[in-house]
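One structure below.
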Amino acid sequence: MVVVPPPLRPHRLQRFSFCRRLHTASVLRSGAGISDPAEYCKDFVRKHDHEGYLTSQLYPKRFQGGYFALRAFYIELATVREAVSQITLGQARLMFWRDAVKDIYNDKPPRHPIALAIHEATRHSHLPLYHFNRIIEAREQELHNQTHLTLESMTSHAESTSSTFLYLLLAMLNLPSSTLAHAASHVGVAQSLTTLLRALPYHASKGVMVIPAEITAKHGVNQQEVFSKRKSSHGLEDAVFELATVANDHLLTARDMFEESGGRVPPEAMPVFSAAIPIVSILRRLEAINFNAFDPSLQIRDWRLPWQVWRSYYKRTF
């Protein structure tokens, strides 16, 4: 659900400007990564996104720097809401990135390692500015409302974030195909929904229900009870099952895009679609625990995932 924020009053505008300058100054004061932006982004992804780092190894070496830059940018924006205590501070960080992306395309990137790494990537690949701005706008909407009333709203948000990130990766690899883009759109939605289901306990601890209200209401889920007891119930498991089914349906639709090639993804595009492999792993694990998102085993890394990633890569399937 898109919530339009109220107009900022003059004193709020002044405070917002100050917060933005404060964030920019803190970035400039931190010299970390300036000398080697590519290594900074690689380390950033390794620390914050195990699955993203795992699939990074499938990209040709000449594109790995670009991949890490884009993934670091995506992670940085995805964690803004949890990293700030006030919406104004989140707006300041997103405004920094809105300006940073604009400056990158004017060949004047700010002295921030992720911005410098993205600038380097734009020198070797055509990365549409629109995609960056779309992700930033979606994360700004998220500051004002983390929950969704409808599945349609949640899907739209997923398309503006996860799917759009995959579009950037296709652009980086110079793969301008409507078929690939269509398939990537569905993989992105599946990825977003599955990631939220796995993170349901964390968000519940913050008083946020990640499953759309229309689904929880259908299954009689008492959200306040979930927040206070922090454990599963039959109704919640049914709601998790329904959303997991939607995610799986998007995966099936993405696979159908490659029906003419026997379900095999073009080899040059397989690194992008390797993002679907962890999704399959999470959905299988959810099914094995009867869709109890609070089962601790769901938070443990799947030791089989590296092997599954390489096997799927060489079979060119997901």
Side-chain angles (χ1 to χ4, degrees), residues 1-5 20 41 45 49 52 66-84 87 90-106 109-110 112 114-115 117-119 121-122 125-148 150-196 210 212 247 250 253-254 269 272-273 275-276 279:
M1 181 176 68
V2 177
V3 177
V4 180
R20 181 181 161 217
C41 291
V45 174
D49 184 4
Y67 170 83
F68 284 123
L70 295 175
R71 193 62 190 170
F73 168 81
Y74 187 81
I75 297 169
E76 172 79 9
L77 266 64
T79 55
V80 165
R81 185 65 182 86
E82 285 73 30
V84 299
I87 290 179
Q91 288 176 311
R93 292 182 66 166
L94 291 173
M95 181 58 72
F96 168 81
W97 281 109
R98 194 185 299 277
D99 290 345
V101 168
K102 181 179 178 181
D103 291 340
I104 286 170
Y105 279 80
N106 288 328
H112 187 293
I114 297 177
I118 292 175
H119 180 252
T122 62
S125 303
H126 174 65
L127 303 174
L129 176 61
Y130 166 77
H131 293 326
F132 288 101
N133 286 330
R134 188 181 184 190
I135 293 173
I136 293 171
E137 289 169 6
R139 294 307 181 189
E140 187 169 12
Q141 293 169 7
E142 194 174 74
L143 286 175
H144 302 282
N145 195 349
Q146 290 181 280
T147 61
H148 297 272
T150 66
L151 179 60
E152 181 181 6
S153 170
M154 179 178 244
T155 301
S156 176
H157 182 76
E159 290 172 346
S160 296
T161 51
S162 296
S163 298
T164 301
F165 173 72
L166 297 182
Y167 300 157
L168 278 171
L169 294 181
L170 289 174
M172 180 188 73
L173 297 177
N174 191 28
L175 298 174
S177 162
S178 59
T179 298
L180 293 178
H182 190 181
S185 174
H186 288 285
V187 170
V189 173
Q191 183 181 53
S192 183
L193 302 191
T194 305
T195 300
L196 286 171
V210 297
H250 278 283
T253 302
V272 176
F273 289 93
I279 303 172

Please give me the minimum heavy-atom distance between [X] and [Y], naming the atom from each residue.
X: Gly52; Y: Tyr67; answer: O-OH, 2.7 Å
X: Leu94; Y: Leu77; answer: CD2-CG, 3.9 Å
X: Ala171; Y: His126; answer: CB-O, 3.4 Å
X: Ala247; Y: Ala190; answer: O-CB, 3.4 Å
X: Ser162; Y: Gly188; answer: CB-O, 3.1 Å
X: Val45; Y: Ala72; answer: CG2-N, 3.9 Å

Under 3.5 Å, is there a donor-acceptor pair between the side chain of [X] and the main chain of [Y]?
X: Ser125; Y: Thr122; result: no
X: His148; Y: Thr150; result: no
X: Ser192; Y: Val189; result: no

Contacts under 3.5 angstrom, residues 174-184 side chains, donor-acceptor by atom type, not counting sequence neighbours:
residue : atom : partner : partner atom : Å
Ser177  : OG   : Thr179  : N            : 3.3
Ser177  : OG   : Leu180  : N            : 3.2
His182  : NE2  : His186  : NE2          : 3.1

*Counting only heavy atoms not in Glu152, do more than 12 fall under 6.0 Å of its CD?*
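Open: at most 12 neighbouring heavy atoms sit under 6.0 Å from CD of Glu152.
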
I'd like to check [X] versus [Y] (side-chain heavy atoms, cut-off strictly below 4.5 Å). Are they in contact?
X: Ile87; Y: His144; answer: yes
X: Tyr167; Y: Pro128; answer: no
X: Glu140; Y: Met95; answer: no
X: Pro109; Y: Asp103; answer: no
X: Ile114; Y: Cys41; answer: yes

_His131: side chain to side chain donor-acceptor pair (under 3.5 Å) partners, not counting sequence neighbours_ =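 So His131 forms no side chain to side chain donor-acceptor pair (under 3.5 Å) with any residue.
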
_Students often mix this up, so state it plainly: with edges at 30° and 60°, are the rings of Phe73 and Trp97 parallel, tilted or perpendicular?_
perpendicular

*Classify the angle between the aromatic ring planes of Phe132 and Tyr105 as parallel (below 30°), tilted (30 to 60°) or perpendicular (above 60°).*
perpendicular

Distance check, rounded to the nearest 0.5 Å: [X] atom [atom1] versus [Y] atom [atom2]?
X: Leu166; Y: Thr161; atom1: CG; atom2: OG1; value: 9.5 Å
X: Tyr130; Y: Leu168; atom1: OH; atom2: CG; value: 11.0 Å
X: Ile135; Y: Arg98; atom1: CD1; atom2: CZ; value: 12.0 Å
X: Ile279; Y: Leu193; atom1: CD1; atom2: CG; value: 9.0 Å
X: Ser160; Y: Ile136; atom1: OG; atom2: CD1; value: 12.5 Å
X: Arg139; Y: Arg81; atom1: CZ; atom2: CZ; value: 12.5 Å

*Is any NZ, NE, NH1 or NH2 atom of the basic residue among Glu137 and Arg134 found under 4.0 Å from an Asp or Glu carboxylate oxygen of the other?*
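Salt bridge between Glu137 and Arg134, a charged N being under 4.0 Å from a carboxylate O: no.
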
*What's the verdict on side-chain contact (heavy atoms from CB on, under 4.5 Å) for Met172 and Leu127, showing C-alpha distance, side-chain angles and the deciding distance?*
CA-CA 6 Å; Met172 180 188 73; Leu127 303 174; 3.8 Å; yes

*asked:* Testing the 3.5 Å rule here: is there a donor-acceptor pair between the side chains of Glu142 and His157?
replied: yes

_Verdict with supporting geometry, Gln91 and Leu143, side-chain contact (heavy atoms from CB on, under 4.5 Å)_ = CA-CA 8 Å; Gln91 288 176 311; Leu143 286 175; 4.0 Å; yes

*Taking only residues two or more places apart in sequence or in another chain, which ones pass ring pair (Phe, Tyr, Trp, His ring centres under 6.0 Å) with Tyr74?*
Phe165

